[in-house]
Participant: 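Below is a structure I'd like to ask you about.
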Amino acid sequence: MQTLTEKLLARASQRDHVKPGDIVVVAPDVVLSHDNTVAIAAIFRQLPQEKVRFPERLAITLDHAVPPPTPAHARNHARIREFVREQGIKNFFEVGRGICHQVLCEEGIVGPGMTLLGADSHSPHYGWLGAFSAGIGRSEVAALWATGQLWLRVPETISITLAGALRTGVTAKDLTLSLIGKLSSAGANYMAVEFDGAGLAGLSSDSRAVLTNMMAEMGAKNACMAPDAVTWHWLRETLRRTRPHDHEERLEFFRDHALHPDPEARHAARHTVDLREIEPMVSCPHRVDNALPLSALGQTAVDVGFIGTCTNGRLEDIAAAADVLRGRRLRKRLLVIPASSLVLRDAAETGYISDLIEAGATIGTPGCGPCMGVHMGALAPGEICISSANRNFRGRMGQPEAEIYLSSPAVVAASCLAGKLTHPADLLDESQARG
């Protein structure tokens, strides 16, 4: 009996069965890099191989510093384009297409039953589709370019069973922050986290990606869930748009490759979460696991808000912010960056972008933006930011003397309206009291 992670790694290593602790040599279906490709290429050129062994397996995006904020960044991008041409890499996505984790899902590069290894710490993201995906180092990616193989230790698995349904005004981001707060930032170190349960069926595709993406903040090697009706609906509708000529073939490929865990599989730990008990949460500076109920934080002032990143830059997130801001004017600055050009187009067509702009928000180019402090929203000393991103370490957004709080997009929007940490429901209560 095997977990989903074990089945995925068994397939990737061409074995019938694996167990925790086994060392396996895997051949990933996809190898991911982004703006760090130049640094990886420098390592690769020290190896005897001159050509990438399987260029069709590589996927490269320009997303971390886009558009390039300095001549040095522009030169880095130019070198990546040159490497892409030199090596014949077809899965290359230019400035403005969006964040790697969102784009590779939208483009059908990764799907159920597949394996991805990437030079980005939030690579566990793709597990929401039923894939094995994990972050690795740059030297490991260079070795994969050269050989197409890499050894991994099969992780133990933590099972998280979701029951019930989230209450109105509570989101998957709140669930994730609650989990990390309870289990700690080291609670899943080099372990697989697998989500299941009746409560999972009630979570949208956008919400599911929040869960697997942020398990990186709990130390997880990977996180995943078995594909179900929600997965297949999202794939079908999205692939029709991004792959109009072969979407049916790609969907059939995913259906043929999908894997599911054995019910009797053994787990290192099991947790059950009643979604009805989750309340709006905030991670306080300077640790993601420093998570508290929003209701416990009183009159904490904010200076600026940020909605975006691979964690919470999808249409559902932008819609939530637009719903809060519609017909109102912001008291504090708010930067909104869609996770991809597809999300941006949908948000524009549905009117959400207009709602945000009319409220006074700034809209950025699809990409990572200020998440890691490169540009498009770096903080000033002493500023307090409320962000929908995934990390709030000291200096994360470019300024060690600033403070970052993490929350859901709706709370970010409401807080920038009120000038303090606020839930959207509290804005309604205040307006009714004034009335």
Side-chain angles (χ1 to χ4, degrees), residues 1-32 101 110 112-141 143-144 149-162 176 179-180 182-197 200 208-227 257-273 288-289 390:
M1 298 293 104
Q2 295 182 99
T3 66
L4 177 56
T5 295
E6 290 160 8
K7 286 190 173 183
L8 290 163
L9 288 178
R11 170 180 285 169
S13 59
Q14 297 185 331
R15 294 189 180 192
D16 294 328
H17 185 276
V18 300
K19 64 182 185 303
D22 284 351
I23 302 299
V24 296
V25 177
V26 302
D29 300 291
V30 182
V31 182
L32 161 71
H101 306 311
V110 184
M114 296 181 70
T115 301
L116 174 144
L117 296 176
D120 187 274
S121 57
H122 289 101
S123 292
H125 180 100
Y126 306 89
W128 82 267
L129 288 171
F132 176 92
S133 56
I136 57 175
R138 295 177 180 182
S139 59
E140 293 171 306
V141 171
L144 272 171
Q149 296 180 321
L150 189 72
W151 70 266
L152 294 174
R153 177 185 175 277
V154 178
E156 290 80 8
T157 298
I158 297 175
S159 169
I160 299 180
T161 298
L162 305 180
T176 307
L179 280 171
I180 298 171
K182 290 178 180 177
L183 299 180
S184 88
S185 59
N189 275 357
Y190 205 101
M191 300 183 79
V193 178
E194 296 193 7
F195 293 93
D196 61 22
L200 187 60
R208 294 174 181 207
V210 178
L211 291 178
T212 54
N213 181 285
M214 279 202 70
M215 287 301 96
E217 309 311 322
M218 209 160 73
K221 183 65 176 176
N222 73 293
C224 59
M225 57 191 69
H257 282 72
L259 294 171
H260 294 79
D262 294 318
E264 299 82 10
R266 299 187 64 178
H267 299 83
R270 290 180 179 271
H271 302 279
T272 298
V273 178
V288 180
D289 60 359
N390 39 53

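A quick note: this is a predicted structure, and the numbers were derived from the prediction, not measured.
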Participant: If the condition is ring pair (Phe, Tyr, Trp, His ring centres under 6.0 Å), which residues does F132 pass it with, not counting sequence neighbours?
Facilitator: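 Once residues adjacent in sequence are excluded, F132 has no partner under the ring pair (Phe, Tyr, Trp, His ring centres under 6.0 Å) criterion.
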
Participant: L150 and side chain to side chain contact (heavy atoms under 4.5 Å, CB included): which partner among V24, V25, V141, L144?
Facilitator: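 One option only clears the test, and that one is L144.
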
Participant: Report the C-alpha distance between L117 and E140 in whole Å, list the side-chain angles of each, state the deciding distance to 0.1 Å, and finish with yes or no for side chain to side chain contact (heavy atoms under 4.5 Å, CB included).
Facilitator: CA-CA 9 Å; L117 296 176; E140 293 171 306; over 6 Å; no

Participant: A188: which residues meet the side-chain contact (heavy atoms from CB on, under 4.5 Å) condition with it, sequence neighbours left out?
Facilitator: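 Expected list: I158, M191, V193, M218, A220.
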
Participant: Would you say H257 and P112 make side-chain contact, with heavy atoms under 4.5 Å?
Facilitator: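 Of all side-chain heavy-atom pairs linking P112 with H257, none is under 4.5 Å.
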
Participant: Under the rule for side chain to side chain donor-acceptor pair (under 3.5 Å), what residues qualify as partners of T272, not counting sequence neighbours?
Facilitator: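 So T272 forms no side chain to side chain donor-acceptor pair (under 3.5 Å) with any residue.
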
Participant: Please identify each residue that fulfils salt bridge (Lys or Arg N to Asp or Glu O under 4.0 Å) with D289, with sequence neighbours left out.
Facilitator: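 For D289, the residues satisfying salt bridge (Lys or Arg N to Asp or Glu O under 4.0 Å) (neighbours in sequence not counted) are R287.
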
Participant: If you take all heavy atoms of F195 and L200, which pair is closest and at what distance?
Facilitator: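 Shortest heavy-atom contact: O-CD2, 3.8 Å.
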
Participant: Would you please name every residue forming a side-chain contact (heavy atoms from CB on, under 4.5 Å) with H267, sequence neighbours left out?
Facilitator: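 side-chain contact (heavy atoms from CB on, under 4.5 Å) list for H267, sorted by chain: T3, T157, S159, A265, R270.
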
Participant: Could you pull out all residues at least two apart from E194 that satisfy salt bridge (Lys or Arg N to Asp or Glu O under 4.0 Å)?
Facilitator: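 Expected list: none.
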
Participant: Apply side chain to side chain contact (heavy atoms under 4.5 Å, CB included) to the pair D262 and K7, showing each step before the final yes or no.
Facilitator: CA-CA 9 Å; D262 294 318; K7 286 190 173 183; 3.0 Å; yes

Participant: Return the minimal non-hydrogen interatomic distance between G135 and P124, and the atom names on each side.
Facilitator: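 Nearest pair, atom of G135 first, then P124: N-CD, 4.3 Å.
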
Participant: Apply side chain to side chain contact (heavy atoms under 4.5 Å, CB included) to residues H101 and S123 and explain how you reach the verdict.
Facilitator: CA-CA 7 Å; H101 306 311; S123 292; 3.8 Å; yes

Participant: Can you list everything that forms a side-chain contact (heavy atoms from CB on, under 4.5 Å) with T176? Sequence neighbours excluded, please.
Facilitator: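 For T176, the residues satisfying side-chain contact (heavy atoms from CB on, under 4.5 Å) (neighbours in sequence not counted) are I180, V210, L211, M214, M215.
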
Participant: Sequence neighbours left out, what pairs pass side chain to side chain donor-acceptor pair (under 3.5 Å) with at least one residue falling in residues 10-21?
Facilitator: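 Matches after skipping sequence neighbours: K19-D22.
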
Participant: Considering residues at least two apart in sequence or located in another chain, which fulfil the side-chain contact (heavy atoms from CB on, under 4.5 Å) criterion with R153?
Facilitator: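 Checked R153 against side-chain contact (heavy atoms from CB on, under 4.5 Å); matches are I23, E156, Y190.
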
Participant: Tell me, do T5 and K221 make a side-chain contact under 4.5 Å, heavy atoms counted?
Facilitator: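 No; the side chains remain at least 4.5 Å from each other.
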
Participant: Please report the interatomic distance CG(L32) to CD1(I136), rounded to the nearest 0.5 Å.
Facilitator: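 If I round to the nearest 0.5 Å, the distance is 9.0 Å.
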
Participant: Please list, chain by chain and in numerical order, all residues satisfying side chain to side chain donor-acceptor pair (under 3.5 Å) with S139, sequence neighbours excluded.
Facilitator: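 Listed in chain order: nothing, the list is empty.
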
Participant: Does N222 form a side chain to side chain contact (heavy atoms under 4.5 Å, CB included) with L8? I'd like the steps, not just the answer.
Facilitator: CA-CA 11 Å; N222 73 293; L8 290 163; 5.9 Å; no

Participant: Are any of the side-chain heavy atoms of P20 and E6 separated by less than 4.5 Å?
Facilitator: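 In contact.
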
Participant: Mind checking the SG-CG spacing from C224 to L259? Nearest 0.5 Å is all I need.
Facilitator: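 That separation rounds to 10.0 Å.
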
Participant: Looking at every non-hydrogen atom in both residues, tell me the closest pair between P227 and A258 and how far apart they are.
Facilitator: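 What the structure gives for the nearest pair is CG-CB, 3.9 Å.
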
Participant: Which heavy atom of G197 sits nearest a heavy atom of T161, and at what distance?
Facilitator: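 Taking every non-hydrogen atom into account, CA-CG2, 3.8 Å.
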
Participant: With sequence neighbours left out, write down each residue that passes side chain to side chain donor-acceptor pair (under 3.5 Å) with N213, or none if nothing qualifies.
Facilitator: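 N213: side chain to side chain donor-acceptor pair (under 3.5 Å) contacts with H125, T311.
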
Participant: Among residues two or more places apart or on two chains, list those pairs meeting salt bridge (Lys or Arg N to Asp or Glu O under 4.0 Å) that have a residue in residues 119-133.
Facilitator: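 Every candidate salt bridge (Lys or Arg N to Asp or Glu O under 4.0 Å) pair involving residues 119-133 fails, so no pair, neighbours aside, qualifies.
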
Participant: If you take all heavy atoms of P261 and L4, which pair is closest and at what distance?
Facilitator: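 Result for this residue pair: CB-N, 3.5 Å.
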
Participant: At their closest point, which heavy atom of A12 faces which heavy atom of T115, and how far apart are they?
Facilitator: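 Heavy atoms only, the tightest pair is CB-OG1, 3.5 Å.
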
Participant: Check whether any side-chain heavy atom of V110 lies under 4.5 Å from a side-chain heavy atom of D29, and answer yes or no.
Facilitator: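 No - every pair of side-chain heavy atoms lies 4.5 Å or more apart.
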
Participant: For the atom pair CZ (R208) and CG (L129), what is the distance rounded to the nearest 0.5 Å?
Facilitator: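 So the gap between those two atoms works out to 10.0 Å.
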
